[in-house]
Amino acid sequence: MGGLWGKRERLAMLLLLLLALVAPFLVYPVFLMKGLCFALFASAFNLLLGYSGLLSFGHAMFFGFAAYVTAHMGKVWGVNPEWAILGGVVTAAALGLLTGWLAIRRTGIYFAMVTLAFAQMMYFVAIQAPFTHGEDGIQGVPRGRLFGFIDLGESLTLYYFVLLVFVASLWFLNRVVQSPFGQVLKAIRDNEQRAISLGYAVNRFKLLAFVLSAAFSGLAGSMKCQVFQLASLADVHWHSSGEVVLMTLLGGIGSLMGPAVGAFLVVSIENYFAEAGAWVTIIQGGIFVFCVLLFRAGIIGTLSQWLKGLYSGVGKA
Amino acid sequence: MIFGVPLQALLGQLLLGLINGAFYAMLSLGLALIFGLLNIINFTHGALYMAGAFAAWLVLTYLGIGYWGALLLAPLAVGLFGMLLERFLLSRLYKLDHLYGLLLTFGLALVIEGGFRQLYGVSGMPYPVPKELQGGWNLGVMYLPIYRGWVVVVSASVCLGTWLLVEKTKLGSYLRAATENRALVQAFGINVPMMVTLTFGFGVALAALAGVLAAPIYSVNPLMGSNLIIVVFAVVVIGGMGSMGGAIITSFALGLVEGLTKLLYPEAASTIIFLVMAVLLLVKPAGLFGKER
Amino acid sequence: MTEAPVLLKIDDLHAHYGESHVLHGLSFDIPQGEVVTLLGRNGVGKTTTLRCIMGMVGQRRGSILFAGKQLIQMASHQIARLGLAYCPEERGIFSSLNVAENLLLPPVVQAGGLSLQEILSLFPRLQERAGSQGTKLSGGEQQMLAIARILRTGARLLLLDEPTEGLAPVIVQQIGEIIAGLRDRGFTVLLVEQNFRFAQRLADRHYVVEHGRVVDMIRKDQLSVSAEKLRSYLGV
Amino acid sequence: NHKVKIGVLTDMSGPYSDLAGQGSVMAAQMAIEDFGGKVNGWPVELVSADHQSKADIASAIARKWYENEEVDAIADLVTTAAARAVREVAKEKGKVDLDSGPGSLPLTNDWCSATGFHWTYDNYATAGGTATAVIKQGGTSWFFLTADYAFGHDLQAQAERVVKANGGSVLGSVRHPFPSSDFSSFLLQAQSSGAKIIGLANAGNDTINAIKQANEFGITKNGQSIAGLLVFITDVHSLGLETAKGMLLTTGFYWDFDEGTRAFAKRFGARMNGKMPTMVQAGVYSSVSHYLKAVQQANTTEGIRVADKMREIPINDFFAKNGKIRADGRMVHDMYLAEVKAPAESKGPWDYYKILRTIPGDEAFRPLSESTCPLVKK
Amino acid sequence: MAVAADYIVETRDLTKEFKGFTAVSGVSLRVRRHSIHALIGPNGAGKTTCFNLLTKFLVPTSGRIFFNQRDITHAQPAAVARLGMVRSFQISAVFSHLSVLENVRVALQRRRGGYFHFWRSDRILDQLNDQVMDLLQSVGMTGDVHRLAGELSYGRKRALEIATTLALDPEMLLLDEPMAGMSSEDVLLIAALIRRISANRTILMVEHNLNVVAELSDRISVLKQGRILAEGTYQEVSNNPEVVEAYMGSPDD
Ligand SMILES: Nc1ncnc2c1ncn2[C@@H]1O[C@H](COP(=O)(O)OP(=O)(O)OP(=O)(O)O)[C@@H](O)[C@H]1O
Ligand SMILES: Nc1ncnc2c1ncn2[C@@H]1O[C@H](COP(=O)(O)OP(=O)(O)OP(=O)(O)O)[C@@H](O)[C@H]1O
Ligand SMILES: [Mg+2]
Ligand SMILES: [Mg+2]
């Protein structure tokens, strides 16, 4: 509750940040970057699901199309990465404005299905449009030089760039949640009629949240394109939309770090179990089932409940 | 000539659309039932449809039980399995946000599909059309395999039966009420957990039955259901949540629309349903036959 | 005055919502065929008591004996089948059912309830609005519906949580008559009421609840002498 | 610290996991074992992973392997998108990739690289080979069912080229979404076109379902024939001979071709529950052993030098007789035109093909002179 | 269109039909500025529907609505609230996952402005806490400040609802059965509160508790089957035999 973080949370954050700074020397950086991109994606998604109560089943369109635009700008137009990324984000935000404007008129499962429908149409566009190159995608995108002089070809440089973007975005998303705007958003999620009767034009709040979420999903997509140097159909497929839902749920809806943790978990499964071959999806499914049954409020949610229990137990004693 | 297509060809295509609609109907009915009940999109639905087809193949291969036996046995076995899933896994989540059910069923679907894939590979197994239903009729507009006609008949009668069961008995009221307020319905003396388990089993059995019907047409293959869920769920939503009749009618109607698209703009055949859904939901917020709350 | 046999006996009932302990050893009896009220300020645990009886509160312990049967471990559908029915204060009308479906939803558990005819003649309003979606009814109409639907079930013990809330004075009077009539037919009623003037005329005995405990019991014939005490409990 | 490390990156859970997948890993392992597990005293290690047919996963794994885990060569790479993604990384890192699974031509044209090899087949060979044979049997008018993605389009284009060059005609085509399960509508369109041949420019389950349903709708009985432009033996296995009999197809390998292939297939089958190897899996064996041979002779694992060596020495194993690698990375070897046997002709499981003709490598594959690969000196 | 300035709200021939059922029919209602006006009538008479029409939660089938001489017949509900006409709900509407404090603060925030500021910290909202406490005190809820609204008992939710509505400091307040479900003690408290705040506001309320109505209201309109049956002071209305028959019933004790 509230915007104030306890000492413990701050300390934990600081430790995490330190860990993130030295991580590329311990773990393969590209894996870390992939994790960060998806963590950002899930966090952006969580802004909508966790704090506005809107389950979008079409976020892949923002993620994927931002990646396409970044790839196209970087590869075909040869612009610097910062512009290519900005291009991706703006595309996602514009797409968010357009689809959100229509979708927020619906709630619950209907909202989910309208967003899914739009995403499927965008998927169709991605298959048919020449610039996306069908199922080959746009490959071999140059990583380029940031601002013209920072060479992102270096994995380590790129890592710190991605980390910076991630931390800044997460900070910002958290700020949105814990802002006057975020407070109203939570109220609307709880009881829309009541919020209207208090004089809030709820659709504008939802739309703004939707666009912000889309823009940051786009940012995540653009960063992913930057890291892997490709943009592909897989990013626009409904599986991606579903995956981000799963990541968020896995980590815990409506918590700051939950979606990021969920994202890292899913990416790690894909990464570390890739060599288990065909068993990957079975293991992944098993982990999902296991997590739901064990961590019933998402990993972070449940952990923090346990911790709370511990502290309050100590406090009472 | 309509849309530059000879009337003959058009009729043939529409007929095929109707047949596909029959599959959608069986699947969407079960899905709608389960969604109405638990408020979750049952992501295992596609996997259990596949399991139904596999059950048919398994009893044929290992027990020598043919199509007719499978038609009964497969839905029974899969329905029972579904009931176990509900009792031991899903039922633990009812106090949480409905979304966690999605995570669980999605995970289960991965496990089930993965398991079959490990055991039987992905290329699929041949399953013959039963002797009694081989051959076809020449309808003039097209050659209609008898088996496809049979599918339509089975599907239509199962749909009708289910619809009567749910809409014309109090079961429907209980189900709808239990979605809104489980505790209160139970406090009226209705064994809600039991009802949920049975209904879940029934919905899943419908999926399995569709699987058995599909086995002779498509190859029996572990991935056959994996992309189905999203389309079928779209059908349910277009029909209007909570409306069994809506799900049935929409299934057949969308089969037709899809058939027409396959003729006029085949590339868009798998997208058209979503286009219809987007437009429809923006115009009619609760789908074709749904009630606005 | 000879005591009727006890139909419901609650002893040392405790209930929790998560970490908050709401009922602290609440005990009281309801004799067969009486109208009994629970009185108390907002938030003292009256509703929770009713929900415990119906088995709708997850964390409960103590003893609830109904006609000699222990209810504390039972699932709520089994409890209902023994002949108890509950009308919740927030009414619990189902929005996905229309008025008629709402009315017919609770299954009849015992013979001897009111017939549909009788119910509709008591609440003609429900007949007029029969096809309307349940939650589209006005607040008072929903209240009538919530009461009406449990009258059909034939349950011997009716738990009514603030049944007069939101009803027009004429209807309140009518509800009073219905409850009195039910008592005459041998039903037992446990009533939670804020409208003391209404409760006063109907009830055979009143239990006063404070902080999750029954702190006092006042019989109908002692009301006048206990007026001062009541004022201090309830501010009436 | 010297060792040789080979990665098999393939589809282990998706639609191509039967024709490649675990079998490809097994083939690679057999190649290593047959080589004695060591090259010039350096141990040979094998790793494998599932790319789920997704370009991004393939790219990520390839990058990790090449950069971080000292993998020297990656084999199989079924599906073009994955192969393409790995090709980009391999090119950048100067490492070897051995494509046995994918079929798209650009791998040896626009996307070619000095260290990238295309081993088993390509669309030119399978679609072209089959179309030529079909036309020679009198199948002059065609209608295509094409999976609506680059791979399908390419298959269709390759077949069309042959059809037109041989005086045949294309009466129409329909692009179906990928993947599809119901083909009845498309088949009806094909039927009403009156074409003698229905060309299936798709793969895997799409092909299987299309053939099954063509049978069901009596299309094959009514005088029209189906030509699968890319058919693997696992597809035939799944269809059953009753449905697939008489179909013509082009393959780079058939297990029951000669002593060598039978010997390999027997060993393979013993380890794979009796399954026979597909051309992709056999190709993986061949490409890995050739790679090891080149490492041995070049006495290094450095990509460019091994690749040069690979081009130098001819390939002679059960898979290829006198195979050679061209400048564009194409491994040229003989292909086979096969006809699916009728059930009565088959002596047992996996006895599916009659080899009608050996298509010499230079005829089967697109001439080097037509290649658009920048490495080809003109 | 002359509307006398001493009437803050005026409706003309307001009618609302639901699929062939007329819930409100031809209601012309005038509410005098700075008065407490009660709307009573049997269940289902159309009182809540009138509220919904006034606050634009429903669109009237016909008729017009004026607020402060302004035609608001076609305004959006949120806009009406911002113009200064705010309602409470008959069936409690609280933000159940927010604390009691936050519930009230969300309303205050609307008055304060800056609610689109997604880049600022919500700590600036703490300035509002004193005001929140005052409001909670006035409904006797200081003990529950940090509880989640969803966990409150029924009666407490009603009290919170009133505090939240008051937080907007509206010119015109529509209260739908504010006392329902409250204990007698709280009824007195809220009645006193309503009396106090009515000094410079207009209040239109629906209430079935006749003691409260008699005690508080300056003027009463009685609605029956969607039409105005009678209007006047409590004295006048309660002596009208039609009203007694349709609504009040035989006077008790
Ligand atoms: N779901 C819940 N979670 C947590 N606390 C709850 C919950 N429901 C009720 N409580 C708390 O339990 C206590 C008793 O509530 P209960 O509803 O039984 O009161 P009540 O006597 O019926 O009050 P009222 O007259 O207002 O209806 C209250 O303090 C309330 O805040
Ligand atoms: N959205 C709606 N659709 C259909 N009928 C409605 C709708 N809203 C209200 N009604 C009907 O209109 C009538 C008037 O309802 P309203 O809620 O205005 O009554 P009320 O005067 O507030 O009654 P109460 O005192 O019981 O709250 C009722 O019969 C109700 O069933
Ligand atoms: Mg209560
Ligand atoms: Mg009302």
Side-chain angles (χ1 to χ4, degrees), chain A residues 1-5 44 47-53 93 104-105 168-169 171-216 253-256 297 301, chain E residues 51-52 55-57 76-89 91-99 101-129 146 148-150 160-161 164-165 167-168 170 174 176:
Chain A
M1 232 171 291
L4 288 173
W5 281 359
L47 177 68
L48 205 58
L49 177 61
Y51 300 99
S52 326
I104 51 157
R105 286 142 207 266
S169 306
W171 176 84
F172 183 81
L173 286 170
N174 187 46
R175 168 44 60 85
V176 172
V177 168
Q178 308 204 325
S179 70
F181 171 73
Q183 193 74 26
V184 179
L185 217 51
K186 284 181 233 170
I188 293 174
R189 175 194 58 187
D190 259 14
N191 194 332
E192 191 168 327
Q193 292 299 312
R194 185 59 176 148
I196 295 175
S197 80
L198 294 180
Y200 289 113
V202 295
N203 277 354
R204 293 198 203 157
F205 288 84
K206 289 191 195 171
L207 184 58
L208 180 54
F210 193 87
V211 171
L212 283 173
S213 174
F216 278 90
I253 313 175
S255 62
L256 171 64
Chain E
F51 271 27
N52 283 333
T55 50
K56 305 302 306 153
F57 275 71
Q76 290 297 309
V80 171
R82 285 197 295 270
L83 285 175
M85 175 150 63
V86 178
R87 67 176 303 186
S88 71
F89 287 81
I91 293 170
S92 280
V94 294
F95 303 117
S96 44
H97 292 92
L98 302 188
S99 70
L101 178 123
E102 286 170 323
N103 261 271
V104 179
R105 210 168 59 180
V106 163
L108 283 173
Q109 220 184 314
R110 225 275 288 127
R111 244 169 71 207
R112 180 185 159 276
Y115 36 81
F116 274 115
H117 291 181
F118 57 78
W119 56 91
R120 300 184 67 171
S121 165
D122 58 3
R123 255 171 275 175
I124 52 171
L125 297 177
D126 291 344
Q127 307 160 355
L128 301 174
N129 288 1
H146 292 294
L148 286 187
L160 174 59
E161 168 118 15
T164 309
T165 311
L168 290 176
L174 307 180
D176 201 348

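This one's a predicted model, so the numbers in the text were calculated from it and none came from an experiment. Numbered from 1 within each chain, the chains take letters A, B, ... in sequence-line order.
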Fill in the blank from the handout: Whatever's closer than 4.5 Å to a heavy atom in chain A on E:V80 counts as neither

Fill in the blank from the handout: Residue from E:R112, E:R105, E:E161, E:Q76 scoring the most non-hydrogen pairs under 4.5 Å with chain A is E:E161

Practice task
Pick one of side chain, backbone, both or neither for E:R111, based on which atoms fall under 4.5 Å of a heavy atom in chain A.
Solution key: neither

Problem - A:I196, part contacting chain E, at a heavy-atom distance under 4.5 Å - result: both

Exercise for the section: Could you look at E:L168 and say if it's the side chain, the backbone, both or neither that has a heavy atom under 4.5 Å from chain A? Expected result: side chain

Handout entry: E:I124 versus chain A, the contacting section by heavy-atom distance below 4.5 Å
Key = side chain

Handout entry: Point-to-point distance, once rounded to the nearest 0.5 Å, from CG of A:D190 to CG of E:N103
Key = 8.0 Å

Fill in the blank from the handout: When rounded to the nearest 0.5 Å, the distance separating OG of E:S121 from CZ of A:R175 is 4.5 Å

Handout entry: Centroid-centroid distance, A:F181 to E:Y115, less than 6.0 Å
Key = no

Completion exercise
Heavy-atom closest pair (A:P180 atom, E:L125 atom, distance to 0.1 Å) is CA-CD1, 4.1 Å

Exercise for the section: Starting from the C-alpha separation in whole Å, work towards a yes-or-no answer on side-chain contact (heavy atoms from CB on, under 4.5 Å) for E:F95 and A:K186. Expected result: CA-CA 8 Å; E:F95 303 117; A:K186 284 181 233 170; over 6 Å; no

Handout entry: E:R123-A:S179 side chain donor-acceptor pair, cut-off 3.5 Å
Key = no

Problem - A:R204 portion near chain E, given a 4.5 angstrom heavy-atom threshold - result: both

Problem - E:T55, part contacting chain A, at a heavy-atom distance under 4.5 Å - result: neither

Exercise for the section: Kindly check if the number of other-residue, nucleotide or ligand heavy atoms within 6.0 Å of NE2 (E:H97) is above 12? Expected result: no

Practice task
Kindly indicate whether the side chain of E:F116, heavy atoms from C-beta on, has any atom under 4.5 Å from the side chain of A:L208.
Solution key: yes

Handout entry: Spatial distance of atom NE2 (E:H117) from atom CD (A:Q183) [nearest 0.5 Å]
Key = 15.0 Å

Exercise for the section: Evaluate the side-chain contact (heavy atoms from CB on, under 4.5 Å) criterion for residues A:Y200 and E:Q109: first the C-alpha distance (whole Å), next the side-chain angles of each, then the deciding distance (0.1 Å), finally the verdict. Expected result: CA-CA 10 Å; A:Y200 289 113; E:Q109 220 184 314; 3.6 Å; yes

Exercise for the section: Would you mind checking which part of A:F205 comes under 4.5 Å of any heavy atom in chain E, side chain (CB onward), backbone (N, CA, C, O), both or neither? Expected result: both

Exercise for the section: Could you have a look at A:L212, A:I188, A:V202 and say which one has the most heavy-atom pairs with chain E under 4.5 angstrom? Expected result: A:L212

Exercise for the section: Please report the shortest heavy-atom distance between E:R110 and A:L198, naming the atom on each side. Expected result: NE-O, 2.7 Å

Practice task
Determine whether A:R194 and E:T165 make a side-chain contact, defined as any pair of heavy atoms from C-beta on separated by less than 4.5 Å.
Solution key: yes

Problem - For the student: nearest non-hydrogen atoms of E:V86 and A:S197, plus distance - result: CG1-O, 3.7 Å

Completion exercise
Ranked by heavy-atom pairs below 4.5 Å to chain A, first place among E:S96, E:A79, E:A167 goes to E:S96

